[in-house]
J.: 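There's a structure below that I have some questions on.
Order of the sequence lines sets the chain letters (A, B, ...), proteins ahead of strands, with each chain counted from 1. No hydrogens, no waters, no symmetry mates; every other heavy atom, side chains included, goes into these values.
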Amino acid sequence: MSKFRHAIVIGASSGIGAEIARQLAATGAKVAAIARRAPLLEALAAEHPGQILPYPHDVRNYEEIPGLFQEITRELGGLDLVVYATGVMPSVRRDEFDFEKDRAIFETNVLGMMAWLDQAALRFQGTRHGAIVGIGSVAGERGRPGQPAYNASKAAMHTYLESLRNRLDRLGVSVVTIKPGPTETELIAHLEFKNPDSASRVAQLTLAKAGRSGEYFVRLTHKLAFLVLRNIPSPIFRRLDL
Amino acid sequence: MSALLPPERIARFAGFGMASAADGYAFPVRSTEELREALTIARAAGRQVTLRGAGRSYGDAAIGSECAIVDVTPMRRLLNWDARSGVLEAEAGFTIEGLWRCGLPHGWWPPVVSGTMFPTLAGALAMNIHGKNNFKAGTLGEHVLELELMMASGELRVLTPEDPLFFAAIGSAGLLGAITRVKLQMRPVASGMLRVRAVASGDWGAQFAAFERFEGEADYAVSWVDGFAVGAAAGRGLFHAAWYDERPDPDSLRLERQDLPPRVLGLVPKSQVWRALRVLNRPGAMRAVNAAKAWAARRQGEFEHPQSLVAFSFLLDYVPNWRNAYRPGGFIQYQSFVPKADARRVFARQVALAQEAGEAPFLAVLKRHRPDPFLLSHGVDGYSLALDFKVVPARWEALRALSHRLNDLVLEAGGRFYFAKDSTLRPQDAQAYLGASLDRFRELRAELDPGGLWTSDLARRLAW
């Protein structure tokens, strides 16, 4: 039996979110799987009938979230864990400045997260138990030139989660930030990375850390590299052109 | 989509044993109007309702996952008290403590009390509590003159012992309606003191012999059992019989004569004692504590001493927050009721099975009972044994399996169970001992609550 019996995974149709839902279900948990793409959710739910419950939903429909949240918690019969794994990263050229793309990134990666995790935080503040997990990214560590809005969205996510952690941890509610590097998901299908992590490995680490407040890199090398990179003064960082 | 419940009402509710807990939406109510409004809100949101008093039920009777949890503790006014007749009328949330504080200065004591004074009247009657005088005074429900019940529809019904629903509602674990008002007959007492006789018992045989010896004449009888003792010493313990002191003693009726001392041994503040208990809360230490208590009992032999009604009755309140000693996993209290012909055999076997499973009970208490006229009664002409088991999450399943083996022994002997204590009954166990009564209860529920408003995690566990 898992330490989590009732979970909500937002962004569960593919990638890390889908893997987290699968792994939770495999330990006996009941999981509400949320994403836009209903057919993918149905397929996922069919892998663990009765245990993974599909809820098609676009996180940008902020108004429907409070109602959906209550409907889901009633259906699950409780709530121990909420994972926000939704994220978009459209391809952006180095000379492109497209507000529509930037807005879409923030609406999904940041505002959708706040809309869902505010519900989770409000509930766990009342029940004095539970775990919140946000799937951030190493991309949020510095403002690199390649993906300004995506980097900024992940930085916002990290800071928001840190604030939640500082509010809720004292009440017995854990808040975890996972910072994966490149991971084999649709998100980076249009990019070329050497040796990305598998979504299943990231999901495994996420569930191992869930319940233990803090920020976690997936790889030790990332942890060490970003310890250095974070402390490089901006004028020098600019010249490095990472 | 249904209406939303106010999200800030969500809270975690636990059974007294802390091994069961569930999240629900808190609706503290101060009046029948507020209670009715809470039912309306819950129904509009498509939620079921769980009734909760002081939360003294050990298991999952007063918790309901994702339900509206109607907390009646704020509805606690004393409505009427007649010091001449000893008839008291109060709202649902009025407590056992309220009963004796109100009555004793005028020479009246609650006819039946639980081992703690904190339960509400509504909770106590939903469970139909018994005390150490069950064999003589019956359950609390037998002393109720009238009660008011709010049905799922919001309608209020006044019930008296003339009405069959009276005997179904009392003891129905809050699943037929919400008790909102109670009229109760108190018992006259001349003194606030009891004569208490302690008798050390060397084994199971001596335990039951002590109960039989005092059965016809004592007002109270209870015995502690060393759950770790084996072989010839199995069942050893310390029996107490007690009698109301008939010699008038007005001074002993004063409340200040009854209050429990604030310090233990005159030194340690009571509020801190659970910390010491926590250190001892492991099998090796509890074995030693039980053995020391048995040794001390044997050494003292048989003797009589006076004790205040409060000190004798509310043993569980001596150490505030004692249950914290069982944190983080909590504990369950397994209590079963067995007819007298088989009680000795069944209880000796239960304790032996628990010991074999490596789950010797940290506390074991034996009591004498009698049958009562309530639909879902736990009463038998026999005995009950209550066993406190520490819950360690990794061994919860094993403990549940042990409980089921113990249930089988009880059922074979025609025994019964008690919802206020239960954490482990299965649907088939309840069906087996309640039989036709359960069928009648289901019919009543279907008739009085067709929408299925009332529930609890206990009801769901039993598939009711």
J.: Under 4.5 Å from any heavy atom of chain A, what part of B:Ala21 do you find: side chain, backbone, both or neither?
T.: neither
J.: Measure from the side-chain N and O atoms of A:Gln70 to the backbone N and O of B:Leu5, and report whether any donor-acceptor pair falls under 3.5 Å.
T.: yes
J.: Which pair of non-hydrogen atoms, one from B:Asp23 and one from A:Leu79, has the smallest distance, and what is that distance?
T.: OD2-O, 3.9 Å
J.: Rounded to the nearest 0.5 Å, how far does OH of B:Tyr25 lie from CZ of A:Arg74?
T.: 9.5 Å
J.: Near B:Arg36 CZ, under 6.0 Å, is it more than 12 heavy atoms from other residues, nucleotides or ligands?
T.: yes
J.: Taking every heavy-atom pair that is under 4.5 Å apart, which of B:Ala11, B:Ala26, B:Ser65 has the most such pairs with chain A?
T.: B:Ala11
J.: Listing request: all ring pair (Phe, Tyr, Trp, His ring centres under 6.0 Å) pairs with a residue in residues 5-41 of chain A, at least two apart in sequence or in separate chains.
T.: none
J.: Tell me, yes or no, whether the heavy-atom count around B:Arg9 atom CZ, taken from other residues, nucleotides or ligands under 6.0 Å, exceeds 12.
T.: yes
J.: Atom CG of B:Leu4 and atom CD of A:Glu71: how far apart are they, to the nearest 0.5 Å?
T.: 10.0 Å
J.: Using a cut-off of 6.0 Å, state whether more than 12 heavy atoms not belonging to A:Arg103 lie near its atom CZ.
T.: no
J.: If I take atom CD from residue B:Glu66 and atom OG1 from residue A:Thr73, how far apart are they, to the nearest 0.5 angstrom?
T.: 4.5 Å
J.: Please identify each residue that fulfils side-chain contact (heavy atoms from CB on, under 4.5 Å) with B:Ala178, with sequence neighbours left out.
T.: B:Leu35, B:Leu51, B:Met150, B:Trp454
J.: Heavy-atom distance under 4.5 Å to chain B: side chain of A:Arg123, backbone, both or neither?
T.: both
J.: Would you find more than 12 non-hydrogen atoms of other residues, nucleotides or ligands less than 6.0 Å from B:Arg278 atom CZ?
T.: yes
